[in-house]
Amino acid sequence: MTAYDYDLFVIGAGSGGVRAARVAARHGAKVAVAEEYRVGGTCVIRGCVPKKLLVYASKYAEEFEDAVGFGWTSEKVSFDWQKLIANKDEEIERLSRAYIRNLESAGAELIMGRAVLEDRHTIRLGDRRISARIILIATGATSFVPRHLPGHELAITSNEAFNLERLPSRICIVGGGYIAVEFAGIFSGLGVETILIYRGEKILRGFDEDLRDHLSTEMRKKGIEIRTKADVARIERSGDGVRVTLEDGAGFGAGQIMFATGRIPNVMGLGLEAAGVEATPHYAVKVDGYSRSSVDNIYAVGDVTNRVNLTPVAIREGQAFADTVFGGKDIRVDHANVPSAVFSQPEIGTVGLTEELARQGFRSVDIYKANFKPMQHTLSGRDERMLMKLVVDRDSDRVLGCHICGPGAGEMAQLLGIAVKMGATKADFDATMAVHPTAAEELVTMRDKWSG
Ligand code: NDP
């Protein structure tokens, strides 16, 4: 038998790779992890975590305003972007160090540098050649920028947005997905005039139609300009900022333009072909239910596989891989009914089927909806409404989907995820006592079917 340098070599120290490395090492494997940038991956370094911190920061402006109706006076408030970014960076650094400590305490070796596959068992790292029995690709995804657009190099992506030296007075965000709507809320909350340019008819394609409508309305109420069926034709430098021209000829100036036009698997120059690893037409590593690629000793987890591109899913895939390959278990990750949140303002929490998908897959579907002013806004005076929606299969009474837009929606989605995953029926929801006074109680008190 050939002796390899390592039992497992992981490429990429993000959420999925780190979890897999730690679990495999605890199962007794000799493990190394290579990382070319910073330990923690997109989620920790320039994704979920810093994003949520900026969302918190951006909400205070409204909170100061809302406090007035409750008797508070909040004069002379001011905001310091550099201080926020410095504090955010400190927290990210702390988390990254914690990831490194966790890897080390599990007994995995961390190697800083770019790893490239040379064949199915060999990895090149600078001038080192390393062999491994099993290789895990966990390189994540990277921002997609439409490079055919003249002036695209003047635009930033979410990567740079986290570390702008100063806030622009106006920003143009291109895209209508998670990142576009989240950053629109962040910038707008921090006082930046925000224009969102989306090529389709309605933002957040793939989400329940009612959620898409509700969020669009609420974002517009907050002063975010959403231009749909709009495409950028070119970008030019103009003074300190840019001039954006749309396909229909309309133009405007902005301090910054940010592309939030999707993310693509990070496989460029990784050596997939040299190792014989097949990719999908969208450049994702093609894997089976055990995250195994077309080469039976090479696996892949997380965004590089383009299955469900969310941190907790990557972690679960990494855990399942390590438990199966090194722990003697047999675990496939179930990608159905994954709850998720969009930290737009107001935020979205969702799990299960949209009404549209449920109607395609089930004979008859009942809809329950509540649309109301959250209690806090009775005194704050803010013109904001909350939406809750349940999608129910009439034949089995099973709740197929829950969709919420409003404060706390993400937290609610986590708990609704348990109910939906367990196959809860509408009768189970109805039998559950309300928690009063909360917004979430609407979920168990909706009695009348929506008749349109
Ligand atoms: P999304 O895929 O969510 O959205 C991309 C957007 O860009 C879509 O609106 C798409 O339009 C548009 N787009 C794509 N190509 C072009 C183009 N050439 N010109 C103009 N518009 C274009 O990607 P994001 O970048 O927002 O986020 C990436 C992924 O990261 C998400 O899918 C999600 O999995 C994950 N994520 C999760 C978060 C969370 O859980 N809260 C937060 C942030 C990211 P169209 O709809 O027409 O295709």
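Predicted, not measured: the structure shown is a model, and the values here were computed from it. Atoms within a ligand are numbered from 1 in the order they appear, just like the ligands themselves.
A heavy-atom distance below 4.5 Å is not found between the side chains of Val392 and Leu400.
Here salt bridge (Lys or Arg N to Asp or Glu O under 4.0 Å) pairs that include residues 269-286, with residues two or more places apart or in two chains, are Glu278-Lys286.
For atom 46 (O) of ligand 1, the nearest non-hydrogen atom of the protein is Tyr198 OH, 2.7 Å. In terms of protein heavy atoms, atom 29 (C) of ligand 1 is closest to Arg263 CD, 4.3 Å. If you check which protein heavy atom lies closest to atom 32 (O) of ligand 1, you get Tyr178 CD1, 3.8 Å.
Separation of the Phe183 and Phe162 ring centroids falls under the 6.0 Å cut-off.
Remark: ligand 1 and Arg199 share an N or O pair separated by less than 3.5 Å (distance only, no angle test). Residue His148 places no N or O, backbone or side chain, under 3.5 Å from any N or O of ligand 1. In terms of N/O distances under 3.5 Å, ligand 1 is approached by Gly177. Considering backbone and side-chain atoms together, Ile179 places an N or O closer than 3.5 Å to an N or O of ligand 1. Considering backbone and side-chain atoms alike, Gly200 places every N or O at 3.5 Å or more from each N or O of ligand 1. Considering backbone and side-chain N/O of Gly262, one or more are found under 3.5 Å from N/O of ligand 1.
The shortest heavy-atom distance from Ala341 to ligand 1 is under 4.0 Å.
Of the possible polar contacts, one joining the Glu35 side chain to the Ala13 backbone as a donor-acceptor pair under 3.5 Å is found. Remark: side-chain polar atoms of Glu36 are not paired, donor with acceptor, to backbone N or O of Gly113 under 3.5 angstrom.
Relative to the ring axis of Phe343, Lys51 does not place its NZ or CZ within 45° and under 6.0 Å from the centre.
Of the candidates Leu196, Leu310, Val308, Leu310 brings a heavy atom nearest to atom 40 (O) of ligand 1. The residue from Leu204, Thr261, Val174, Val181 that puts a heavy atom closest to atom 22 (C) of ligand 1 is Thr261. For atom 6 (C) of ligand 1, the candidate residues are Ala260, Cys48, Ser158; the nearest heavy-atom contact is made by Ala260.
Near Gly176, with a cut-off below 4.0 Å to any heavy atom, the atoms of ligand 1 are 6 (C), 8 (C), 9 (O).
Partner of Ile137 under the side-chain contact (heavy atoms from CB on, under 4.5 Å) criterion, chosen from Ile298, Val301, Thr305: Ile298.
Annotation: ring-ring contact (aromatic ring centres under 6.0 Å, His included) contacts of Phe321 (sequence neighbours excluded): Tyr299.
Using a cut-off of 4.0 Å between Lys/Arg side-chain N and Asp/Glu carboxylate O, Glu218 and Arg220 are scored as not salt-bridged.
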